[in-house]
Amino acid sequence: SVRRLARAPALPAPQPQTDTSTTAGRLSATLDAESTRILLGQAPAAFHAGVQDILLIGFALAISEFLGTDAPIGIDVEGHGRHEEIAEDIDLSRTVGWFTTKYPVAVSTDGLHWAEVRAGAASLGALIKSAKEQLRAVPHPLTYGLLRYLNDEIDLDGTDPSIGFNYLGRLGNSSVSA
């Protein structure tokens, strides 16, 4: 039996008069070397998590703050789909591209506010541990697509979350070691 996720808050509805390409903004941020070392190495190691987990939890916290909600944040997580570990005889070495996976998660931020995040409050560590366990409880990414698109007996016809997340990994050479 598959349980449907509770309806998570969504982004505000678009305003066609003001939400145009001419009013769109762009935000670019760069982390210093020490913050990058913490993000890529120390934080994941401290919580026995991956970089993607830490980034996804941080993203959920930011969305929660933006929406002003304590409700779980629904996010469509996209992945590369190259899961050779699902069977011993899978060899993807002669294939090109990714086998994209997409699956919904609901990340509970437990009402933690951004000021607590910035201050590194103890409650942030508890939230990261809790959210990591929420993410670990999600079935293998390949199973969602199989259930949704190939099994008529499963009701997964609800709408996808309006927020998406895709961590592409580390790109290029970096002078910062994790």
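Position 1 is the first residue of the sequence; numbering continues from there.
Residues Ile38 and Leu31 do not share a hydrophobic cluster, defined by chaining ILVMFWY side chains whose heavy atoms lie under 4.5 Å apart.
Judged purely by atom type and a 3.5 angstrom limit, His48 has no side-chain atom pairing as donor or acceptor with the backbone of Ala46. Side chain of Glu133 to backbone of Ser130: no donor-acceptor contact under 3.5 angstrom is found. In this structure, Asp110 contributes its side chain and Leu112 its backbone to no donor-acceptor pair below 3.5 Å.
Summarising the geometry of Val51 relative to Pro44, their closest heavy-atom pair is CG2-CG, 3.9 Å, with the distance given to 0.1 Å. The minimum heavy-atom distance between Gly111 and Asp70, with the atom names listed, is CA-OD1, 3.2 Å. The nearest pair of heavy atoms linking Ala60 to Ile73 is O-CG1, 3.7 Å. Considering all non-hydrogen atoms of both residues, Val105 and Val138 come closest at CG1-CG2, 3.9 Å. For the pair Val117 and Leu124, the tightest heavy-atom approach, listed with the atom from each and the gap, is O-CD2, 3.8 Å. In plain terms, the two heavy atoms of Ser123 and Glu116 that are nearest each other are OG-OE2, 3.4 Å.
Applying the side-chain hydrogen bond (donor to acceptor under 3.5 Å, both in side chains) test to every pair with at least one member in residues 51-66, sequence neighbours left out, gives these pairs: Asp53-Arg136, Ser64-Thr109.
Interatomic distance, Thr20 OG1 to Gln15 CD, rounded to the nearest 0.5 Å: 12.0 Å. Within the model, atoms CG of Leu61 and CZ of Arg118 stand 13.0 Å from one another, a figure rounded to the nearest 0.5 Å. The OG atom of Ser35 lies 10.0 Å from the CD atom of Gln42; values are rounded to the nearest 0.5 Å. How far CG of Leu39 is from CZ of Arg37: 12.0 Å, rounded to the nearest 0.5 Å.
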From CA spacing to verdict: side-chain contact (heavy atoms from CB on, under 4.5 Å), Leu56, Val77: CA-CA 9 Å; Leu56 182 58; Val77 177; 3.9 Å; yes

Show your reasoning for whether side-chain contact (heavy atoms from CB on, under 4.5 Å) applies to Leu40 and Ile54. CA-CA 9 Å; Leu40 298 179; Ile54 299 298; over 6 Å; no

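Taking the side chain as every heavy atom from C-beta outward, Ile63 and Phe59 approach each other to under 4.5 Å. Taking the side chain as every heavy atom from C-beta outward, Phe47 and Lys129 approach each other to under 4.5 Å. Asp76 has its side chain out of reach of Ile163: every pair of non-hydrogen atoms, C-beta onward, lies at least 4.5 Å apart. Residues Ile75 and Pro161 fail the side-chain proximity criterion, which asks for heavy atoms closer than 4.5 Å.
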